[in-house]
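Working notes for the structure below.
Whatever order the structure lists them in is the order used to number ligands and atoms, beginning at 1.
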Amino acid sequence: MSEIFRVFKTLLAYLKRPDLYPELGRKIIKNIFNRRSAFKGREKTNLWATARAVSLEEAIERLFGKKLQPFSELFSAEYAEAIQKQANCPVKMGGAGALELIYEACEYTQAQTVVETGVAYGWSSFVALKSLEKRGGTLYSSDMPYLSQGGDQYVGHVVPENLRKNWKLFRHADRESLPRIFGEVKEIDVVHYDSDKAYDGMMWAYSQLYPRLRKGGVFISDDVNDNSAFQDFCEKNGIEPTVVDFEGKYVGIFVK
Ligand SMILES: C[S@@+](CC[C@H](N)C(=O)[O-])C[C@H]1O[C@@H](n2cnc3c(N)ncnc32)[C@H](O)[C@@H]1O
């Protein structure tokens, strides 16, 4: 009963947002005709990822030639404030990922332009903005939030007020947001992909983001072992990525 209520609430929330109708249509089609595609190639990729996975510390050393400095220590006061905001937030969303990887990627590229998909509380946005503020750069984010929980207003909740001037948040599904973002952005220094985790969604977004990433730019994708999209994309494009074992999940990263 509670599952039916949740689906009904989500549907109602979608119906109130005409800008999200295209995504609603895609979700309905996926759930009827293509349910298993989310996990396509998962077994093969788990073997691939496990065989090449390194620790966060090793990845930062290998890619950026730096020692791992926890973000929570680098910016301890702002980090503690963000943790407090997350704890007090009435809507529960996904938590922080490998923050140091995103921060160091922005530092390494001296990023002016970062594009990310998937914001939730805004941990990845917070760390990217913390680096971008040094150069007056801009973060472009895409998120289609937790509609069933009324979570719209809390997307990016932990991002400190003073960093928001460098932030453009596009509140649609990626397939609508990314074309809008590309209308404003020519070359990207850092990509962080952390939204739709279905095979087709990942493949579509990678194929849009990768050509716009500049040479020497950094591409990061979370949850690359949910299916084989990241592995297949890398193999197709002759990319040798690093896979990072982060708290039991795998993050893929490479420098273009
Ligand atoms: C794991 S969370 C992102 C966490 C965030 N990067 C952080 O570090 O705090 C995934 C987010 O992706 C969003 N999302 C899922 N599918 C999406 C889609 N097709 N388009 C845009 N956003 C999507 C969800 O609303 C959710 O907020």
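By the 4.0 Å N-to-carboxylate-O rule, Lys30 lies too far from Asp200 to be salt-bridged with it.
Side chain to side chain, Trp167 and Thr138 fail the donor-acceptor criterion of an N or O pair below 3.5 Å. With hydrogens and angles left out, the side-chain atoms of Asp174 and Ser195 include a donor and acceptor closer than 3.5 Å.
The ring pair (Phe, Tyr, Trp, His ring centres under 6.0 Å) pairs that include a residue from residues 170-201 are Tyr193-Tyr206, where partners are two or more places apart or lie in different chains.
Of all the heavy atoms in Leu101 and Leu56, the pair that sits closest is CD1-CD1, 3.8 Å. Thr109 approaches Arg214 most closely through the heavy-atom pair O-NH2, 2.9 Å.
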May I have a table of the N/O to N/O pairs between ligand 1 and the protein that fall below 3.5 Å, each row giving the two atom names and the distance to 0.1 Å?
residue, atom, partner, partner atom, Å
ligand 1, 6 (N), Gly118, O, 2.9
ligand 1, 6 (N), Ser124, OG, 2.8
ligand 1, 6 (N), Asp194, OD2, 2.8
ligand 1, 8 (O), Ser124, N, 3.1
ligand 1, 8 (O), Ser124, OG, 3.1
ligand 1, 9 (O), Val119, O, 3.3
ligand 1, 9 (O), Trp123, N, 3.2
ligand 1, 20 (N), Asp174, N, 2.9
ligand 1, 20 (N), Asp174, OD1, 3.3
ligand 1, 22 (N), Met144, N, 3.1
ligand 1, 25 (O), Asp143, OD1, 3.0
ligand 1, 25 (O), Met144, O, 2.4
ligand 1, 27 (O), Ala120, N, 3.4
ligand 1, 27 (O), Asp143, OD1, 3.4
ligand 1, 27 (O), Asp143, OD2, 2.7

